[in-house]
2 protein chains.
Amino acid sequence: MDANAPNAIGNKPGDFETALTSDDRVDLRVWLRLLTCVNLIERTVRNNLREDFDITLPRFDLLAQLDRAPKGLSMGQLSRRLMVSNGNVTGLINRLLSEGLVERSHIRGDRRTQLVSLTAAGKRAFDSITPAHAAWISEAFASLSRDEMTTLYGLLAKLKAGQIKPDERP
Amino acid sequence: MDANAPNAIGNKPGDFETALTSDDRVDLRVWLRLLTCVNLIERTVRNNLREDFDITLPRFDLLAQLDRAPKGLSMGQLSRRLMVSNGNVTGLINRLLSEGLVERSHIRGDRRTQLVSLTAAGKRAFDSITPAHAAWISEAFASLSRDEMTTLYGLLAKLKAGQIKPDERP
DNA sequence: AAAAATTAGTTTATATATAAAATATTTCGT
DNA sequence: ACGAAATATTTTATATATAAACTAATTTTT
């Protein structure tokens with residue numbers, strides 16, 4: 001502890017030279033509100049998935065990816081599409097395997113890669129959840145008009161484009 | 001519900017009677033884009049916090065709450081403000097305690113409650129991170145004009161208001 | 001005041017998530 | 001063809017998060 005460390009006022013190092021105007025607070029407020037909205041909606045979806053279908057959101061997301069790719073996906077492709085680490089996908093797939101919702105098959109020619117795809121049970125489970133999921137999302141956005149949704153969609157496009165994405169290889 | 005709802009085609013007989021029009025896809029697309037934006041920005045913030053300050057986002061968020069409440073907060077208040085479970089707060093506080101960034105004190109009159117507050121070191125750490133954090137957020141939203149930020153802020157207000165929140169006690 | 005209910009918090013079991021190291025396997029340079 | 005580099009995935013250690021069960025203290029009821 002410092003002997004004389006009362007109030008360290010005005011301790012602003014010159015590292016962040018971005019013109020920090022009063023807009024900063026606007027940015028922060030928008031960011032916090034954005035976070036709040038997403039967290040509230042996501043929480044609802046998680047709770048509904050658990051209560052109504054006894055499944056978690058990450059597992060549902062994984063099933064959704066596989067549903068879109070009938071030929072199956074490799075672990076790496078799943079990792080990239082879900083934007084999570086490889087190790088995370090390993091754990092998720094193991095749990096879904098033990099639940100019988102997905103299956104693995106080897107690829108000829110490359111013994112490192114494995115193709116993951118939905119089982120019939122997995123497909124059935126996913127199809128049974130989808131309409132409810134769509135309804136929840138619909139309800140979550142019910143307070144915005146169609147025009148407002150369009151505006152929001154456009155703003156989010158710009159926001160997304162502004163995030164520098166390193167590389168994405170499908 | 002509006003009796004004159006447009007094309008209520010193929011209403012499912014069962015549970016989800018909400019008129020599922022073609023708008024559903026719009027909702028889903030907006031939701032997915034919203035999620036993507038938040039995930040991209042949050043990932044950047046997490047990485048920057050780890051690389052530049054060797055701290056995690058949940059710990060930073062907790063410090064931020066304590067910084068705003070100089071008198072300290074109880075575990076329950078922290079749990080409510082951060083919108084996470086009690087047990088989660090217990091773990092976070094234990095780690096921050098062992099890092100010397102926060103401290104606990106008993107309250108007279110109620111031996112169940114403990115007040116958590118920032119230590120000098122915690123306050124120092126938080127103050128050193130804040131400007132960088134603001135700059136990251138500023139940069140994340142740089143692709144939107146001031147007007148667009150205002151519009152977005154308004155739309156998010158409506159969206160947030162549309163989520164039914166049970167109760168919130170400050 | 002004793003029993004019942006509420007409140008505050010921790011503990012436990014489990015799931016999700018990451019980073020970094022480890023293990024295979026394939027491909028590339030020479 | 002051989003060693004080096006790259007690729008695909010798993011393993012390990014750790015952090016975050018929840019729900020449900022539990023402990024302890026305070027209030028409320030009767």
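In what follows, chains carry the letters A, B, and so on, assigned in the order in which the sequence lines appear, proteins first and then strands, with residues in each chain numbered from 1. Atom set for the values below is all heavy atoms of this structure, side chains included, hydrogens, waters and symmetry mates excluded.
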Participant: Starting from P on D:dA24, measure out to NE2 on B:His106 and report it in whole angstrom.
Facilitator: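 It works out to 14 Å between those atoms.
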
Participant: On DNA chain C, check which nucleotide each of A:Leu92 and A:Gly109 is closest to and give me the residue with the more 5' one.
Facilitator: A:Leu92

Participant: How about A:Leu97 and A:Asn94: do any of their side-chain heavy atoms sit closer than 4.5 Å?
Facilitator: yes

Participant: Would you say B:Val26 and A:Thr150 make side-chain contact, with heavy atoms under 4.5 Å?
Facilitator: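 Result no, sub-4.5 Å side-chain heavy-atom pair not found.
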
Participant: Separation of B:Arg59 atom CZ from D:dT14 atom P, in whole Å?
Facilitator: 13 Å

Participant: Rounded to the nearest Å, what distance is computed from the CD1 atom of residue A:Ile55 to the C1' atom of nucleotide D:dT18?
Facilitator: 17 Å

Participant: How close or far is atom P of D:dT12 from atom CG of A:Asn94, stated in whole angstroms?
Facilitator: 13 Å

Participant: Can you tell me if the side-chain N/O atoms of B:Arg50 get under 4.0 Å from OP1 or OP2 in C:dA19?
Facilitator: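 So the side chain of B:Arg50 is within the cut-off, an N or O lying under 4.0 Å from OP1 or OP2 of C:dA19.
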
Participant: Under 3.5 Å, which donor-acceptor pairs do the side chains of residues 82-89 of chain B form with other protein atoms, sequence neighbours left out?
Facilitator:
{"from": "B:Ser85", "atom 1": "OG", "to": "B:Asn88", "atom 2": "N", "distance (Å)": "3.3"}
{"from": "B:Asn86", "atom 1": "OD1", "to": "B:Ser79", "atom 2": "OG", "distance (Å)": "3.3"}

Participant: Quickly work out the A:Glu42 CD to D:dT18 C1' distance and round it to whole Å.
Facilitator: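 From A:Glu42 CD to D:dT18 C1': 13 Å.
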
Participant: Please figure out whether A:Arg43 or A:Gly91 has its closest DNA chain D nucleotide nearer the 5' end.
Facilitator: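 Final value for this comparison: A:Gly91.
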
Participant: If a protein heavy atom is under 4.0 Å from the base, mark B; if only from the sugar-phosphate, S; if neither, -; do that for nucleotides 3-8 of chain C going 5' to 3'.
Facilitator: ----BS

Participant: Could you list the donor-acceptor pairs under 3.5 angstrom formed by side chains in residues 119-129 of chain A, with sequence neighbours left out?
Facilitator:
{"from": "A:Thr119", "atom 1": "OG1", "to": "A:Gly100", "atom 2": "O", "distance (Å)": "2.7"}
{"from": "A:Thr119", "atom 1": "OG1", "to": "A:Leu101", "atom 2": "O", "distance (Å)": "3.2"}
{"from": "A:Thr119", "atom 1": "OG1", "to": "A:Ala121", "atom 2": "N", "distance (Å)": "3.4"}
{"from": "A:Thr119", "atom 1": "OG1", "to": "A:Gly122", "atom 2": "N", "distance (Å)": "3.0"}
{"from": "A:Lys123", "atom 1": "NZ", "to": "A:Asp67", "atom 2": "OD1", "distance (Å)": "2.7"}
{"from": "A:Ser128", "atom 1": "OG", "to": "A:Ala125", "atom 2": "O", "distance (Å)": "2.8"}

Participant: Are A:Arg68 and A:Gln65 close enough that some pair of their side-chain heavy atoms sits under 4.5 Å apart?
Facilitator: yes

Participant: Taking 4.0 Å as the cut-off, does a side-chain nitrogen or oxygen of A:Arg111 come that near to OP1 or OP2 on C:dA24?
Facilitator: no

Participant: Against B:Trp136, only a single residue in B:Thr44, B:Ile41, B:Asp52, B:Asn47 fulfils side chain to side chain contact (heavy atoms under 4.5 Å, CB included); can you say which?
Facilitator: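 Only one of B:Thr44, B:Ile41, B:Asp52, B:Asn47 forms a side chain to side chain contact (heavy atoms under 4.5 Å, CB included) with B:Trp136, namely B:Asp52.
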
Participant: Return no unless some side-chain N or O of A:Arg104 is found under 4.0 Å from OP1 or OP2 of D:dT10.
Facilitator: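 For D:dT10, OP1/OP2 do have a side-chain N/O of A:Arg104 under 4.0 Å.
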
Participant: Do any side-chain nitrogens or oxygens of B:Arg46 fall under 4.0 Å of OP1 or OP2 in C:dT18?
Facilitator: no

Participant: Once you round it to whole Å, what is the distance between C1' of D:dT14 and CG of B:Asp54?
Facilitator: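 Rounding to the nearest Å, CG of B:Asp54 and C1' of D:dT14 are 13 Å apart.
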
Participant: Identify whether any heavy atom of A:Leu57 sits under 4.0 Å from a base atom; if not, whether one sits that close to sugar-phosphate; answer base, sugar-phosphate or nothing.
Facilitator: nothing

Participant: Hey, is the side chain of A:Asn47 poking within less than 4.0 Å of OP1 or OP2 on D:dA19, counting only N and O atoms?
Facilitator: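 Answer is yes, contact under 4.0 Å.
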
Participant: Does any part of the side chain of A:Leu92, heavy atoms only, come nearer than 4.5 Å to the side chain of A:Arg59, both counted from C-beta?
Facilitator: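 In short, these two side chains touch, coming nearer than 4.5 Å.
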
Participant: Starting at CG of A:Asn88 and ending at P of D:dA15, how long is that distance when rounded to a whole Å?
Facilitator: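 These atoms are roughly 17 Å apart.
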
Participant: In whole Å, I'd like the distance from the CG atom of A:Leu49 to the P atom of C:dA15.
Facilitator: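 For the pair A:Leu49 CG and C:dA15 P, the rounded distance is 16 Å.
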
